[in-house]
Amino acid sequence: MVMDKFDINMAVAIFGGTFDPVHYGHIKVASDLADHLDVNSVALMPCGKPTHRPSPAATPSQRLDMLKLSIVGNQKLTLEASEIDTTTPNYTINSLRRIRSRIGAKETVFLCIGSDTLSQLDSWHQWTDLTKYCHIVAISRPGLNREYSSSLRNWIASRRCRDVTKLKEKPAGFVYHCELSFLDISSTKIRQKIKKNEALQKLLPKKVVNYIHINHLYK
Ligand code: ATP
């Protein structure tokens, strides 16, 4: 199901990424987050033009197609596709503002990111304002953690919440860490395997693998 607008009166959880391509690591963690945060669904939000990395190899519409294929039949996942059409670099803070203007100030918003992404948060545009609009939920991603700057460490410490049930009592403001079972998969690894013509079993859904082959992606 593609989400055009968020349901009213319910917490919103967003899991952003490049999804070049989407894989079982994303799907599993986003599905587990829906249970852990007790939300009806988690919206996968593909970025249009990433600000912190080279442009994706697949086009925005190909990445969106693969995401659509990957969530068929999964009631816990939806898509938030509002960023994908932007041709200028998109900043998460602007997406959050857009989402807030759609749903109002009272609903709880969770921005879910891997811990590798959290450690780079201080390079994001207007990063200290992010928690005005959402709670940040950081999922442990072992092996990929980088050093935290002292300003980021202090910022996180002053917003830290360890109790998931407390998060929904406020619309925004906390940083929460969660440990979910983790699959050692990355899009980088998948792109490398495709280049080397290696098998992709158990890394991403079969329908997405077929789409990649038909469209000669990542060769
Ligand atoms: P790449 O290898 O191209 O950097 P990626 O696999 O890290 O891609 P992204 O689309 O960049 O995927 O990631 C989107 C979000 O998903 C990020 O917050 C990232 O930390 C998280 N993520 C990616 N892979 C996993 C995984 N296997 N388990 C949990 N979270 C993941």
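Order of appearance sets the numbers: ligands from 1, and atoms from 1 within every ligand. Values in this document were obtained by computation on a predicted structure and should not be read as measured data.
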N or O pair under 3.5 Å between [X] and ligand 1:
X	value
Ser115	no
His23	yes
Asp20	no
Cys112	no
Phe182	no

Numbered atoms and elements of ligand 1 in range of [X], under 4.0 angstrom, heavy atoms:
X	result
Ser187	1 (P), 2 (O), 3 (O), 5 (P), 6 (O), 8 (O), 12 (O)
Ser186	2 (O), 6 (O)
Thr188	1 (P), 2 (O), 3 (O), 4 (O)
Gly17	10 (O), 14 (C)
Phe19	10 (O)

Look only at the side chain of His213 and the backbone of Asn210, and say whether a donor-acceptor pair between them is shorter than 3.5 Å.
-> no
Please say whether more than 12 non-hydrogen atoms of neighbouring residues, nucleotides or ligands are located less than 6.0 Å from NZ in Lys166.
->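 Open.
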Considering residues, nucleotides and ligands other than Lys168, do more than 12 of their heavy atoms fall under 6.0 Å from its NZ?
-> yes
Give a yes/no verdict on whether any heavy atom in [X] is under 4.0 Å from an atom of ligand 1.
X	result
Arg191	yes
Gly16	yes
Tyr24	no

Nearest heavy atom to atom 20 (O) of ligand 1: which of Leu44, Ile113, Asp32, Asp116 does it belong to?
-> Asp116
Please determine which of Ser150, Ser151, Ser149 meets the side chain to side chain donor-acceptor pair (under 3.5 Å) test together with Asp122.
-> Ser149
Going through the distances and angles, do Asp20 and Thr18 end up as a side-chain hydrogen bond (donor to acceptor under 3.5 Å, both in side chains)?
-> CA-CA 6 Å; Asp20 188 31; Thr18 312; over 6 Å; no
When you look at Glu198 and Lys189, which way does the salt bridge (Lys or Arg N to Asp or Glu O under 4.0 Å) test go after all the steps?
-> CA-CA 11 Å; Glu198 289 177 6; Lys189 190 152 113 184; over 6 Å; no
Any donor-acceptor N or O pair under 3.5 Å, side chains Lys28, Ser181 =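 Yes, Ser181 and Lys28 have a side-chain donor paired with an acceptor closer than 3.5 Å.
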Could you go step by step and tell me if Asp35 and Lys76 meet the salt bridge (Lys or Arg N to Asp or Glu O under 4.0 Å) rule?
-> CA-CA 9 Å; Asp35 295 333; Lys76 292 181 186 168; 2.9 Å; yes
Are Lys170 and Phe174 in a cation-pi contact, defined as NZ or CZ under 6.0 Å from the six-membered ring centre and within 45° of the axis?
->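 Yes, cation above the ring, under 6.0 Å and within 45°.
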